[in-house]
Peer 1: 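Got a structure for you, questions after.
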Protein chains: 2
Amino acid sequence: MTPIRISLVDDHPVVLAGIRALLQAAPEVELVGEASTGATGLKIICECSPDIAVIDLSLPDMSGIELTRKALKRCPGVKIIVLTVHEDRAYIHPVLEAGARGYLLKRSAADELLRAIRIVKQGDTYLDPAIAEKASMAAPHSYAVAGNDGGELSRREEDVLKLVAQGLSNKQIAGQLEVSIKTVETYKSRASEKKGLRSRADIVRYGVQHGWLAAPN
Amino acid sequence: MTPIRISLVDDHPVVLAGIRALLQAAPEVELVGEASTGATGLKIICECSPDIAVIDLSLPDMSGIELTRKALKRCPGVKIIVLTVHEDRAYIHPVLEAGARGYLLKRSAADELLRAIRIVKQGDTYLDPAIAEKASMAAPHSYAVAGNDGGELSRREEDVLKLVAQGLSNKQIAGQLEVSIKTVETYKSRASEKKGLRSRADIVRYGVQHGWLAAPN
DNA sequence: AGCCCATGACAGGTTTTTCCTGACATTGCG
DNA sequence: CGCAATGTCAGGAAAAACCTGTCATGGGCT
């Protein structure tokens with residue numbers, strides 16, 4: 001049996017090396033390229049044309065979603081598994097729309113990655129069990145995912161929510177984002193509306209759940 | 001030569017397994033315990049009393065800082081290396097103050113972890129080069145640093161600061177503590193005075209540093 | 001092409017919250 | 001006993017947040 005050829009894209013070399021070590025322990029997979037940025041990731045995927053590319057959702061220069069899209073455009077044959085810390089089901093939709101075939105949480109069990117790889121290799125789609133149920137309830141087949149989710153946050157909306165969760169006032173946020181306070185208020189209220197957050201405490205909780213409360217950037 | 005005994009604490013089993021695989025490739029280290037939460041981490045550290053514990057900064061039930069403190073209290077012999085994605089130097093002080101001997105970024109090179117382990121094993125302190133320079137400027141040797149300690153917080157003051165850090169309004173806090181808003185305001189201002197916190201963002205940072213904001217679920 | 005609507009960007013005015021400046025009772029400690 | 005720290009609260013001023021609109025732009029869809 002020919003080995004499953006895999007490329008890895010993840011900033012955080014420690015994590016990268018870790019997954020590499022993990023995969024090398026599996027006899028049926030063969031590593032054919034690693035990268036730590038979106039740009040280099042795209043390059044190695046095109047050059048190596050692996051069976052499967054495992055991509056971190058958050059990369060320094062572009063999101064994993066963007067990389068997924070670009071990689072598939074240039075190299076439609078690859079199957080892409082997105083690896084992420086985000087448990088928010090809001091992410092799953094754009095990821096799948098971008099054409100990824102797998103969505104795996106970093107906090108899921110280690111052998112899930114191997115399972116995901118095998119499943120995706122066979123042409124199926126793998127979703128992490130922890131979110132698959134949530135996501136598939138509304139839309140069994142197509143990922144229309146209507147329902148309680150008032151939509152995904154735009155870039156600005158997420159920026160503002162992050163800063164709010166970190167305790168900054170609207171004024172401070174306005175300063176940091178270089179827009180007016182009023183604009184900040186708009187983003188905040190739109191974002192709160194979408195996610196059903198009513199108080200500042202809700203936003204903080206949301207931020208904690210998304211791992212925002214640690215890195216002011 | 002006796003092997004270096006190491007315990008690992010990291011939520012994200014994929015990452016955990018990865019680092020495990022990494023370390024198993026090094027002949028001089030021996031893995032003696034893994035955990036994915038602060039509570040179990042504390043337990044395995046106490047039970048296994050490893051030479052070194054590698055701890056992720058953000059854990060579901062408590063912060064890595066809190067775990068560091070607790071682990072050292074019960075088991076002063078262990079040397080702790082904190083592993084994190086956060087490059088903000090604001091985290092390094094509390095980490096070192098808590099008694100950790102190493103501070104390593106996940107995005108630093110893979111063999112840095114081994115280097116860090118060897119260095120810390122010898123009794124030295126390892127700081128990731130990327131932030132070491134920034135951090136060592138202010139406090140070259142001893143991390144007495146503690147900033148401006150205007151005294152210890154009283155019970156009520158700490159209660160209020162915690163709630164503020166979690167994003168509650170004075171009114172909500174008043175409700176929760178069953179005192180008047182005015183009383184809450186007093187505690188808050190006294191506490192802020194003592195610790196030199198001027199904005200809500202300062203309070204949130206203070207809370208993060210003290211592990212008050214780790215996943216309330 | 002034309003339309004819709006999500007997004008980015010603001011403003012005015014009202015409502016809430018927070019901040020500043022006290023105040024007073026209680027309690028432990030030198 | 002006096003005194004400092006703490007717990008408790010008020011009034012009024014200042015700041016922040018919130019609500020309701022506006023307007024432009026750029027995709028997408030029909």
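Each chain gets a letter, A, B and so on, in the order the sequences are listed, and its residues count up from 1.
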Peer 1: Measure CG/B/L168 against P/C/dT16 and give the value in whole Å, please.
Peer 2: 18 Å
Peer 1: Taking 4.0 Å as the cut-off, does a side-chain nitrogen or oxygen of A/R156 come that near to OP1 or OP2 on C/dA9?
Peer 2: yes
Peer 1: If the cut-off is 4.0 Å, is A/K194 near the phosphate of C/dT7, judged by side-chain N/O to OP1 or OP2?
Peer 2: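 Checking C/dT7 against A/K194, a side-chain N or O does come within under 4.0 Å of OP1 or OP2.
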Peer 1: Tell me the interatomic distance from B/E185, atom CD, to D/dA15, atom P, rounded to whole angstroms.
Peer 2: 16 Å
Peer 1: Rounded to whole Å, please give me the gap between CD in A/E158 and P in C/dT7.
Peer 2: 12 Å
Peer 1: Under 3.5 Å, is there a donor-acceptor pair linking the side chains of A/T37 and A/T40?
Peer 2: yes
Peer 1: Please tell me if the side chains of A/I44 and A/E34 come closer than 4.5 Å, counting only heavy atoms from C-beta onward.
Peer 2: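 In short, these two side chains do not touch, never coming nearer than 4.5 Å.
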Peer 1: Apply salt bridge (Lys or Arg N to Asp or Glu O under 4.0 Å) to the pair A/R205 and A/D202, showing each step before the final yes or no.
Peer 2: CA-CA 5 Å; A/R205 263 191 293 277; A/D202 286 341; 2.7 Å; yes
Peer 1: Which part of the nucleic acid does B/R198 contact within heavy-atom distance under 4.0 Å: base, sugar-phosphate only, or nothing?
Peer 2: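 The answer is nothing, as B/R198 stays clear of every strand by at least 4.0 Å.
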Peer 1: The side chain of B/S169 is closest to which nucleotide in this list: C/dA9, C/dT18, D/dG7?
Peer 2: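 Within the option list, the nearest is C/dT18.
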Peer 1: To the nearest Å, how far apart are A/Q172 CD and D/dA15 C1'?
Peer 2: 12 Å
Peer 1: With respect to the side chain of A/K188, which nucleotide from C/dT7, D/dC18, D/dG7 is positioned closest?
Peer 2: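 From the listed options, D/dC18 comes nearest.
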Peer 1: Considering just the side-chain nitrogens and oxygens of A/K171, establish if one lies under 4.0 Å of OP1 or OP2 belonging to D/dA16.
Peer 2: yes
Peer 1: With a cut-off of less than 4.0 Å, is there a side-chain N or O of B/S154 near OP1 or OP2 of D/dG7?
Peer 2: yes
Peer 1: Looking at A/E157 and A/K188, does any basic side-chain N land under 4.0 Å from a carboxylate oxygen?
Peer 2: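 No.
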Peer 1: Side chain of B/R190, heavy atoms from C-beta onward: which of D/dT8, D/dA17, C/dT18 has the nearest atom to it?
Peer 2: D/dT8
Peer 1: Can you find a donor-acceptor pair, distance only, under 3.5 Å between B/T186 side chain and D/dC9 base?
Peer 2: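 It does, because a donor-acceptor pair links the side chain of B/T186 to the base of D/dC9 below 3.5 Å.
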Peer 1: Does C/dT18 have OP1 or OP2 sitting under 4.0 Å from an N or O in the side chain of B/N170?
Peer 2: yes
Peer 1: Between B/S180 and B/R200, just flag the one whose closest nucleotide in DNA chain D comes earlier from the 5' side.
Peer 2: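 On the 5' side of the pair lies B/S180.
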Peer 1: Judged by each residue's nearest nucleotide on DNA chain D, which is more toward the 5′ side, A/I181 or B/K182?
Peer 2: B/K182
Peer 1: Between C/dA9 and A/Y187, is there an OP1 or OP2 to side-chain N/O distance shorter than 4.0 Å?
Peer 2: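 It does, given that an N or O in the side chain of A/Y187 lies less than 4.0 Å from OP1 or OP2 of C/dA9.
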Peer 1: Select one nucleotide: of D/dA16, D/dA10, C/dG8, the one nearest the side-chain heavy atoms of A/R155.
Peer 2: C/dG8
Peer 1: When you look at B/S189 and B/S192, which way does the side-chain hydrogen bond (donor to acceptor under 3.5 Å, both in side chains) test go after all the steps?
Peer 2: CA-CA 5 Å; B/S189 70; B/S192 298; over 6 Å; no
